[in-house]
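These notes concern the structure reproduced below.
Residue numbers start from 1 in every chain, and the chains themselves are labelled A, B, ... in the order their sequence lines are given, proteins ahead of strands.
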There are 2 protein chains.
Amino acid sequence: MAGIKQTIEMLRSKNIRPSMARIRILDYLLGTTDHPTVEMIHRKLLPEIPTLSKTTVYKTMELLVEADLARLLHMDESEAHFDGNVGDHGHFKCKRCGQVFDFEVDLDALKTRGLEGFSIDEKNLFFSGFCPRCCSS
Amino acid sequence: MAGIKQTIEMLRSKNIRPSMARIRILDYLLGTTDHPTVEMIHRKLLPEIPTLSKTTVYKTMELLVEADLARLLHMDESEAHFDGNVGDHGHFKCKRCGQVFDFEVDLDALKTRGLEGFSIDEKNLFFSGFCPRCCSS
DNA sequence: TTCTCTGCAAACGCTTTGCACGGAT
DNA sequence: ATCCGTGCAAAGCGTTTGCAGAGAA
């Protein structure tokens, strides 16, 4: 948790008005490494904000992604995941339990051929397989 | 194009019966670098096979992916793309024209930290941005 | 016949949109 | 009074499924 005041400041710095829903959603996202889906965010915050709708979560996430306060991950055919860590790193999704894990990787050191003349905005590295817990059971 | 006979042999070697639809779909996939979607495959083959349904394309692609004759790419929120090249390489999607390009990359040389104990099945490297043609217009 | 392949239509799941209410400025 | 955030319900879109007819063995 970054602290509510800092969360509000982050929103303000991107010219996003800090409404209750936005603050709580961003605060939750910054304080977890769960890579939550819209469904997970909604389920998590509903006890605190009983009127919160999924529509609001969708719209808020769109705002946060556009403002580069969150990363949108489409790892497979199922729902989108969100990551409050916008720095360069890779993602691993377990095929059995569905959990998403971060891992460190030096994307700048990656040598590629065939991208001469391309302007690269975004780099995504997605691995999948089985996580340690699911490997051993 | 690999040639119809080789296409049939590829299917047979994976114990997939070489029906007309399957042969044509795989043959098209092997002969293009377009990374077609289901819609694109259907549109392309409909003139040759006027009765072809999208359901058949979906089911055939599922078979081919399971048999490792094709790769399934979920690059973003829109439709899935397919790649007949199942070797290791990266994919770049242009944000403007939507085209998907292959590029070479040495995924084995990639150093990662935080994946100790994980069993890795699949590695996907997705870049996005603007392709040379869209850069200059 | 028996088994598989195919195609239509409906169902499905995630996401987006239209619209109206409500709160803040 | 105006603007913006929110929530409901419906629509949208890619994909999957149920089932029946067609076709191969």
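- If you check the side chains of B/T56 and B/R22, you find no donor sitting under 3.5 Å from an acceptor.
- Between A/T51 and D/dG7 there is a side-chain N or O to OP1 or OP2 distance below 4.0 Å.
- Regarding A/L64, its CG atom lies at a distance of 12 Å from the P atom of D/dG5, rounded to whole Å.
- Between A/T55 and D/dT6 there is no side-chain polar atom (N or O) within less than 4.0 angstrom of OP1 or OP2.
- Note on B/T56: a side-chain N or O is less than 4.0 Å away from OP1 or OP2 of C/dG7.
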Legend entry - B/D34 and B/H81: CA distance, side-chain angles, deciding distance, side chain to side chain donor-acceptor pair (under 3.5 Å) verdict: CA-CA 9 Å; B/D34 275 358; B/H81 292 261; over 6 Å; no

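- Distance CE (B/M61) to P (D/dT16): 12 Å, rounded to an integer number of Å.
- Taking the six-membered ring where tryptophan is involved, the planes of A/F126 and A/H91 are tilted, since the angle between them lies from 30° to 60°.
- Taking CG of B/L52 as the start and NZ of B/K44 as the end, the distance is 13.5 Å to the nearest 0.5 Å.
- Distance, A/E79 CD to C/dC12 P: 17 Å, rounded to whole Å.
- What separates CD of B/E77 from C1' of D/dT15 is a distance of 16 Å, to the nearest Å.
- Distance NZ (A/K59) to P (D/dA9): 15 Å, rounded to an integer number of Å.
- A donor-acceptor contact under 3.5 angstrom links the side chains of A/D102 and A/H89, judged on distance only.
- Per the geometry, CG belonging to B/D76 stands 12 Å off P belonging to D/dG14, to the nearest Å.
- Rounded to whole Å, atom C1' of D/dA9 lies 15 Å from atom OH of A/Y58.
- Between A/S53 and the phosphate of D/dG7, there is a side-chain N or O to OP1/OP2 separation shorter than 4.0 Å.
- The distance from atom CD of A/E62 to atom P of C/dT16 is 6 Å, rounded to the nearest whole Å.
- Proximity of B/S78 to the phosphate of D/dC13: no side-chain N or O atom is located under 4.0 Å from OP1 or OP2.
- When the side-chain nitrogen and oxygen atoms of B/R17 are compared with OP1 and OP2 of D/dA24, none of them lie within a distance under 4.0 Å.
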